[in-house]
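Before any comments, here is the structure.
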2 protein chains.
Amino acid sequence: MKTSSPARGGSRSRRRAGRVIGRRIPRLGTRGQPEESRASILRAAVAEFAEHGIAGARTDAIARAAHVNKALLYYYFKDKDALYEAVLDHVFGGLRARVMPVFESNMAPRQKMLEYVGAYFDYIAANPRFPRVVQAEWMRAGEGSARMQRVAKEYFRPIFGKLSEVLREGIDAREFRAVNPMDFAPSLVGIIILYFSAAPLMKTLMKVDPLSEERIRERRAFVLEFVSAALFR
Amino acid sequence: MKTSSPARGGSRSRRRAGRVIGRRIPRLGTRGQPEESRASILRAAVAEFAEHGIAGARTDAIARAAHVNKALLYYYFKDKDALYEAVLDHVFGGLRARVMPVFESNMAPRQKMLEYVGAYFDYIAANPRFPRVVQAEWMRAGEGSARMQRVAKEYFRPIFGKLSEVLREGIDAREFRAVNPMDFAPSLVGIIILYFSAAPLMKTLMKVDPLSEERIRERRAFVLEFVSAALFR
DNA sequence: TTCATGTAATTAACCAGTTAGTTAAGATTG
DNA sequence: CAATCTTAACTAACTGGTTAATTACATGAA
């Protein structure tokens, strides 16, 4: 058959059953670091889901990348779907943790908004694979999959709620232009996220590496300026 | 096994081998409307790829939705991959056709930019499934798949080139703020596209239907204002 | 008019490769 | 001992793709 997927594989992993000539490799597991094994699987799953999407992801590939036996995936996670769900919690949980504190502080709306955008950007910039995982999620079925419902309630609603508050304050204080949160929020997310998920494409279009440190700094500045100009009076 | 996909199916199609009691159903194919058959397959493919991503799309499902035998897919298209490529050409070809004429006209940069954004928005609004297909594409492998190379060269480069020109003109005329096209372009795309690809998610978050006619009108106005405020001096 | 023949369009049935998930047995270590 | 983990073989279901037959129409000779 030999369909679509470009036959990834290779590097059959030189490691042979946990022991290496001179030194002991701290073989994952075996009372070693169960936490670390789980984390390793999760890391690998993020990468795999990001590159190949939810259906294209191969559990074998995840296990291999995590240097772990496939059976261990099913020791820690019920099935592929549960693993994906764990990935979502990891990604969005991290975002929420990074971003919510900003809303708790007592800055002026302007400042608060800038901090929020900056924090959001930094989180994504530090994990440029995340947008692809995310998009794999909201690419899903027309109506809300049960999974999406949960993710929306647990992560998006609180952030969206707080963001709406800030907007309200800013608008009432005549500092912000009057925008509908339902318009502003997805626009912001789009600006931040798409740059990263389109990075591979941009790389082929320009000569610059869109993910170089310098470029990212520039991009960050642009996003803040752009949003400021668009929102602030 | 019973993994991810929610067992779509149903409607086993009452039509039985071309003949129906009273009237002849204009059975697709068999010297019927070959053009229509091809188009029907493409339509179905757009929907399927949008909903389930490239690897998640099922050729059986596409055939069923197109009311056509699966083998006919392979009569018209070499394989699943070629079909996906045809979908891409359909989507991006349409966009290019809609958007490029704007650049040929001789409006002032300001006006030209607004026309461009409007045309882009309208095209997507008229085909809200397209963003998901698109994103399935640039979600793909880290580096440029050969396919992405082609799509980039054929569709994105010309548009990006023209957009850059307009930006240059506007900036030189002191009408636009000085922005890097490499920053502006993906931001714009993000603002336009993400609203639609996130629509299902938003639907669960708010009570409003994000795709109602009224909402789309509002959204369009917002996008134009937002971009104006951010770009124009 | 009729009949044979060619050809584009279409189908039902099938096949072979892939893949999620399982299982049984054993290894390692605190 | 119990928790953590490996190995490796196995299976049930699925899915892309093929094949051989079939249908409807067009053409042109008789």
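Below, read A as the first sequence line, B as the second, and so on, with proteins coming before strands; counting in each chain starts at 1. As the structure is a computational prediction, the values presented were derived from the model and not from experiment.
Remark: the Arg38(A) side chain and the Tyr75(A) side chain contain no N/O donor-acceptor pair separated by less than 3.5 Å. Between Arg157(A) and Thr204(B), the side chains place no donor N or O within less than 3.5 Å of an acceptor N or O (distance only, hydrogens not considered).
For dT15(D), the OP1/OP2 oxygens have no side-chain nitrogen or oxygen of Thr59(B) closer than 4.0 Å. The side chain of Arg58(B) places no N or O atom within less than 4.0 Å of a non-bridging phosphate oxygen (OP1 or OP2) of dC14(D).
For Arg129(A), the CZ atom counts as loosely surrounded, since its 6.0 Å shell holds 12 or fewer non-hydrogen atoms of other residues, nucleotides or ligands.
You'll find the ring centres of Phe222(B) and Phe226(B) inside the 6.0 Å limit.
Between Asp60(A) and Asn69(A), the residue anchored nearer the 5' end of DNA chain C, judged by the nucleotide with its closest heavy atom, is Asp60(A). Of the residues near DNA chain D, Tyr74(B) and Ala71(B), the one whose nearest nucleotide (by heavy atom distance) lies more toward the 5' end is Tyr74(B).
To the nearest angstrom, P of dT19(C) lies 13 Å from CD1 of Ile62(A). What separates NZ of Lys78(A) from C1' of dA20(C) is a distance of 12 Å, to the nearest Å. The interatomic distance linking Leu72(B) (CG) with dT19(D) (C1') rounds to 15 Å, in whole Å. Atom pair Tyr75(A):OH and dA27(C):C1' shows a separation of 14 Å (rounding to whole Å applied). Following rounding to the nearest Å, Ile41(B) (CD1) and dA9(C) (P) show an atom-to-atom distance of 11 Å. If you measure from atom CD of Glu48(B) to atom C1' of dT15(D), you get 12 Å, rounded to the nearest angstrom. Atom CG of Leu83(A) and atom C1' of dG21(C) are 13 Å apart (whole Å). One interatomic measurement links the two molecules: NZ of Lys70(A) to C1' of dA20(C), which rounds to 6 Å at whole-angstrom precision.
No N or O donor and acceptor, one from the side chain of Lys80(A) and one from the base of dG21(C), sit under 3.5 Å apart.
Within the nucleic acid shown, Phe77(A) has no heavy atom closer than 4.0 Å to any nucleic acid atom.
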Please list every donor-acceptor pair under 3.5 Å in which a side-chain atom of residues 86-98 of chain A meets a protein atom from a residue at least two apart or in another chain.
| from | atom 1 | to | atom 2 | distance (Å) |
| --- | --- | --- | --- | --- |
| Asp89(A) | OD1 | Arg150(A) | NH2 | 2.3 |
| Asp89(A) | OD1 | Tyr155(A) | OH | 2.6 |
| Asp89(A) | OD2 | Arg150(A) | NH2 | 3.0 |
| Arg96(A) | NH1 | Glu154(A) | O | 3.0 |

